[in-house]
Amino acid sequence: SSGINAEYGESIVEKLSLIPHFEGGYFKETFRDPMVVDGDRTLVSYIYFMLTPKTPNTYWVRNRSPHMHLWHGGSSQTHCFIHPDGRMEKRLLGPNLEKGEVLQVLSPGNVWKLSYTNDQSKWSLITEAVCPGWEERDFEFGVAEEMAEQFPEHEEMIRRYTKYSKRDQVGGEPLLASK
């Protein structure tokens, strides 16, 4: 299965001109609609997003806009969501429909989310479609202590997949992509 191994994944990074993503993995914006809504928001944006054996997961983040994740190839992924009411939801994104995987996963807006490859020795390529389009001001990284206090029943998973702790915050402001 040379099409799924790590070396082939590295060639995809090069062929698609992907660059490191601040959440982990690699990405490239492929389309940003020139149509504007709500005064200054692009209607929709699309990126390729790839997790690799070196970067097999993202971190807890929250986005204002919903994201539609579309599977292209490689390992399947698990997408985890913590809803405002504390409910944890896991969805499997991949080609094995008979095993409960789906080809598209909707990540609702204003919900904590993360994703990871189900075979961390392999790459996984998806597209993310964001409507209205992705803007940094709509994004924040989770802070371990704050999330664990709000959702104590998920503390172990929160701490495992949180990039920042309270000591990383500046003035109590949300941590944006540029931090």
Side-chain angles (χ1 to χ4, degrees), residues 18-51 55-72 77-93 102-117 124-155 157-179:
L18 304 180
I19 60 173
H21 193 284
F22 55 85
E23 284 183 58
Y26 297 87
F27 85 109
K28 179 181 182 180
E29 186 172 86
T30 57
F31 179 72
R32 181 168 286 273
D33 197 314
M35 183 178 286
V36 174
V37 295
D38 293 337
D40 66 345
R41 298 186 58 83
T42 187
L43 179 63
V44 65
S45 62
Y46 291 83
I47 65 168
Y48 284 130
F49 183 76
M50 186 171 182
L51 293 172
T55 59
N57 62 273
T58 63
Y59 298 96
W60 287 111
V61 299
R62 183 166 51 188
N63 291 284
R64 174 180 158 195
S65 298
H67 288 48
M68 180 62 77
H69 303 274
L70 308 140
W71 185 84
H72 290 301
Q77 298 181 0
T78 297
H79 288 247
C80 303
F81 308 103
I82 300 178
H83 294 268
D85 64 4
R87 180 174 42 95
M88 169 83 70
E89 178 183 9
K90 292 184 180 183
R91 301 284 313 275
L92 300 175
L93 179 65
V102 295
L103 298 172
Q104 299 178 348
V105 167
L106 177 65
S107 173
N110 296 311
V111 167
W112 291 106
K113 69 168 190 156
L114 76 87
S115 60
Y116 53 85
T117 58
S124 182
L125 179 66
I126 67 171
T127 283
E128 287 187 6
V130 184
C131 181
W134 191 89
E135 299 287 341
E136 181 181 15
R137 66 181 181 242
D138 297 339
F139 168 92
E140 68 177 302
F141 277 108
V143 175
E145 296 88 348
E146 292 173 1
M147 287 187 70
E149 183 178 320
Q150 186 175 1
F151 308 109
E153 66 275 29
H154 307 302
E155 182 172 5
M157 192 162 188
I158 286 168
R159 292 193 184 279
R160 180 175 178 188
Y161 291 107
T162 306
K163 188 173 185 176
Y164 296 104
S165 67
K166 248 182 151 41
R167 70 179 175 275
D168 299 309
Q169 281 187 305
V170 178
E173 292 296 315
L175 292 161
L176 302 175
S178 60
K179 299 281 190 250

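- Under the side-chain contact (heavy atoms from CB on, under 4.5 Å) criterion, Cys131 pairs with Val44, not counting sequence neighbours.
- His154 pairs by the side chain to side chain donor-acceptor pair (under 3.5 Å) definition with nothing, not counting sequence neighbours.
- Here Ser107 pairs with nothing under the side chain to side chain donor-acceptor pair (under 3.5 Å) rule; sequence neighbours left out.
- Between the side chain of Thr58 and the backbone N or O of Ser115 there is at least one donor-acceptor pair closer than 3.5 Å.
- Listed by chain and number, the residues in a side chain to side chain donor-acceptor pair (under 3.5 Å) with Asn63 are Trp134 (sequence neighbours excluded).
- For Tyr59, the ring pair (Phe, Tyr, Trp, His ring centres under 6.0 Å) criterion is met by no residue, not counting sequence neighbours.
- Every salt bridge (charged side-chain N to carboxylate O under 4.0 Å, His left out) that Glu155 has, sequence neighbours left out, goes to Arg159.
- In terms of the side chain to side chain donor-acceptor pair (under 3.5 Å) criterion, Thr117 has no residue partners (sequence neighbours excluded).
- By the side-chain contact (heavy atoms from CB on, under 4.5 Å) test, Pro108 is found to be paired with Phe81, His83, Val111, residues two or more places apart in sequence or in another chain being considered.
- The ring pair (Phe, Tyr, Trp, His ring centres under 6.0 Å) check on His21 picks up Phe27, Phe49, with sequence neighbours excluded.
- For Thr30, the side-chain contact (heavy atoms from CB on, under 4.5 Å) criterion is met by Tyr46, Tyr48, not counting sequence neighbours.
- With sequence neighbours excluded, no residue satisfies salt bridge (charged side-chain N to carboxylate O under 4.0 Å, His left out) with Asp38.
- Take Glu29 and apply the side-chain contact (heavy atoms from CB on, under 4.5 Å) test, not counting sequence neighbours, and it matches Arg32, Ser45, Ile47.
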